[in-house]
*Asks:* 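Structure below; questions to follow.
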Amino acid sequence: MKAKFLVPLFIFLGLVVFLGLGLGLNPRDVPSPLIDKPAPQFKLSRLDDPTTEFGLADMQGKVWLLNVWASWCVACRQEHPVLVEFSKHSSVPIVGLNYKEVKGDGLIDQRKITDDMELPMAVNRANEWLTEHGDPYAVSILDLDGRVGIDFGVYGVPETFLIDKKGVIRYKHTGPITPQSLKEDILPRVAQLEAGA
């Protein structure tokens with residue numbers, strides 16, 4: 001009979017535990033349906049030379065990171081020094097996917113930007129930003145309209161994908177990479193992939 005009165009207490013305690021676990025999760029950490037699947041094919045203009053293109057096939061046989069960034073992205077400023085330092089001490093190339101450099105900037109009146117203006121404007125903005133903050137990228141490519149980002153399931157900047165030697169996405173990091181996430185989440189996976197695991 002007494003146990004019957006304890007049921008609401010157990011339900012309440014169960015809800016407290018459930019909510020406590022939920023509050024501890026990162027709301028931006030959305031699992032990608034592309035994990036363990038081939039990375040979407042792409043071929044985009046290079047930031048350093050927009051007359052040439054760079055694609056997924058150029059990274060075949062390498063373990064690499066695809067980092068989605070933009071100069072207007074506030075969180076990218078937090079992440080960028082970590083990437084710059086990482087690039088100095090690692091052989092893992094980082095490919096920068098410059099995402100909607102002009103169209104994603106809410107401070108730009110898009111009605112005043114013609115198609116002819118967009119590419120040189122994006123190149124100037126992105127290069128100035130890399131000159132100011134450092135360039136950790138083996139190569140940066142321009143995703144002006146964000147279509148490649150959509151193919152990768154990008155919904156915010158920055159995001160980073162770890163891709164193996166066969167072009168398969170093995171891990172997705174949402175939000176800025178921190179020294180801790182680099183050490184605990186990314187580097188162990190890189191080591192496994194480079195060892196062929």
*Asks:* Taking only residues two or more places apart in sequence or in another chain, which ones pass side chain to side chain contact (heavy atoms under 4.5 Å, CB included) with A126?
*Replies:*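 Per chain and number, A126 pairs via side chain to side chain contact (heavy atoms under 4.5 Å, CB included) with L47, W69, N98, E101.
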*Asks:* Could you please spell out the steps behind the side chain to side chain contact (heavy atoms under 4.5 Å, CB included) verdict for V95 and F54?
*Replies:* CA-CA 10 Å; V95 174; F54 182 89; 4.1 Å; yes
*Asks:* For D49 versus T51, what's the shortest heavy-atom pair and its separation?
*Replies:*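 Answer, listing the atom of D49 first, then T51: OD1-OG1, 2.6 Å.
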*Asks:* Are the side chains of I186 and L65 in contact, using a 4.5 Å heavy-atom criterion?
*Replies:*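 Yes; the side chains approach each other to less than 4.5 Å.
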*Asks:* Given the rule that I, L, V, M, F, W and Y join up when any side-chain heavy atoms are under 4.5 Å apart, are L187 and I94 in one cluster?
*Replies:*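 L187 clusters together with I94.
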*Asks:* Would L97 end up clustered with V84 when hydrophobic side chains under 4.5 Å apart are linked, directly or stepwise?
*Replies:*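 Hydrophobic grouping puts L97 apart from V84.
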*Asks:* Does L119 belong to the same Ile/Leu/Val/Met/Phe/Trp/Tyr cluster as V102, with side-chain heavy atoms less than 4.5 Å apart forming each link?
*Replies:*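 Unlinked, L119 and V102 end up in two clusters.
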*Asks:* What's the shortest heavy-atom distance between S91 and E194, and which atoms?
*Replies:*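 Smallest interatomic distance, heavy atoms only, reads OG-OE2, 4.3 Å.
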*Asks:* Is there a path from I35 to W64 through hydrophobic residues (I, L, V, M, F, W, Y) whose side chains come within less than 4.5 Å of each other?
*Replies:*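 Hydrophobic grouping puts I35 with W64.
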*Asks:* Is it true that D145 and R147 have a side-chain N and a carboxylate O under 4.0 angstrom from each other?
*Replies:*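 Result for this pair is yes, salt bridge flagged.
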*Asks:* Of all the heavy-atom pairs spanning G153 and E159, show the shortest one and how long it is.
*Replies:*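 Distance-wise, the nearest heavy atoms are O-OE1, 4.2 Å.
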*Asks:* May I ask you to decide if P40's main-chain N or O and D151's side chain share a donor-acceptor pair within less than 3.5 Å?
*Replies:*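 Judged by distance alone, no pair lies under 3.5 Å.
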*Asks:* Working note: M117 + K112, criterion side chain to side chain contact (heavy atoms under 4.5 Å, CB included); need CA distance, chi angles, decisive distance, verdict.
*Replies:* CA-CA 9 Å; M117 295 168 62; K112 296 180 179 175; 5.9 Å; no
*Asks:* Please test I177 against D185 for side chain to side chain contact (heavy atoms under 4.5 Å, CB included), starting from the C-alpha separation and ending with a verdict.
*Replies:* CA-CA 10 Å; I177 292 175; D185 299 331; over 6 Å; no
*Asks:* Are there more than 12 heavy atoms of other residues, nucleotides or ligands under 6.0 Å from atom CG of D115?
*Replies:*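 Counting neighbours around CG of D115, 12 or fewer heavy atoms of other residues, nucleotides or ligands fall under 6.0 Å, so no.
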*Asks:* If the condition is ring-ring contact (aromatic ring centres under 6.0 Å, His included), which residues does Y171 pass it with, not counting sequence neighbours?
*Replies:*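 Partners of Y171 under the ring-ring contact (aromatic ring centres under 6.0 Å, His included) test: none.
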*Asks:* Are side-chain heavy atoms of V82 and T178 found at a separation under 4.5 Å?
*Replies:*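 A side-chain contact under 4.5 Å is absent here.
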*Asks:* Does W72 reach the main-chain N or O of K100 with its side chain, forming a donor-acceptor pair under 3.5 Å?
*Replies:*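 Yes, because the side chain of W72 sits within donor-acceptor range (under 3.5 Å) of the backbone of K100.
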*Asks:* For the CZ atom of F161 and the OG atom of S32, what is their distance to the nearest 0.5 Å?
*Replies:*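 Spacing of CZ (F161) from OG (S32) equals 5.5 Å.
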*Asks:* For the residue pair W129 and H80, does the interplanar ring angle fall in the parallel (under 30°), tilted (30 to 60°) or perpendicular (over 60°) class?
*Replies:*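 Taking H80 first and then W129, their aromatic rings stand perpendicular (interplane angle over 60°).
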*Asks:* Drop me the distance from L193's CG to K62's NZ, to the nearest 0.5 angstrom.
*Replies:*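 If we round to the nearest 0.5 Å, L193:CG and K62:NZ are 15.5 Å apart.
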*Asks:* Using the rule that two of Ile, Leu, Val, Met, Phe, Trp, Tyr join whenever any of their side-chain heavy atoms come within less than 4.5 Å, decide whether I163 and L34 are in one cluster.
*Replies:*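 Hydrophobic grouping puts I163 with L34.
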*Asks:* Can you see which heavy atom on P50 is nearest to which on S45, and at what distance?
*Replies:*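 The pair with the smallest heavy-atom distance is O-OG, 3.2 Å.
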*Asks:* Within a strict 4.5 Å, meaning less than it, do heavy atoms of the L83 and Y137 side chains meet?
*Replies:*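 Answer yes - side chains close enough.
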*Asks:* Between D36 and R170, does at least one N-O distance fall below 4.0 Å, as a salt bridge requires?
*Replies:*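 Yes, this pair counts.
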*Asks:* Between E79 and T160, does a side chain to side chain contact (heavy atoms under 4.5 Å, CB included) hold up when you go through it step by step?
*Replies:* CA-CA 11 Å; E79 171 187 72; T160 302; 3.9 Å; yes
*Asks:* What verdict does the salt bridge (charged side-chain N to carboxylate O under 4.0 Å, His left out) test give for D164 and K166, after you've listed the backbone C-alpha separation in whole Å, the side-chain angles of each residue and the deciding distance to 0.1 Å?
*Replies:* CA-CA 5 Å; D164 73 10; K166 295 178 180 174; over 6 Å; no
*Asks:* For L44 and L142, which heavy atoms make the closest approach, and how far apart are they?
*Replies:*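 What the structure gives for the nearest pair is CD2-O, 3.6 Å.
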*Asks:* Within the 4.5 Å heavy-atom criterion, are F152 and L66 side-chain neighbours or not?
*Replies:*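 Answer yes - side chains close enough.
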*Asks:* Looking at Q180, I want to see if its CD is surrounded by more than 12 non-hydrogen atoms of other residues, nucleotides or ligands under 6.0 Å.
*Replies:*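 Counting neighbours around CD of Q180, 12 or fewer heavy atoms of other residues, nucleotides or ligands fall under 6.0 Å, so no.
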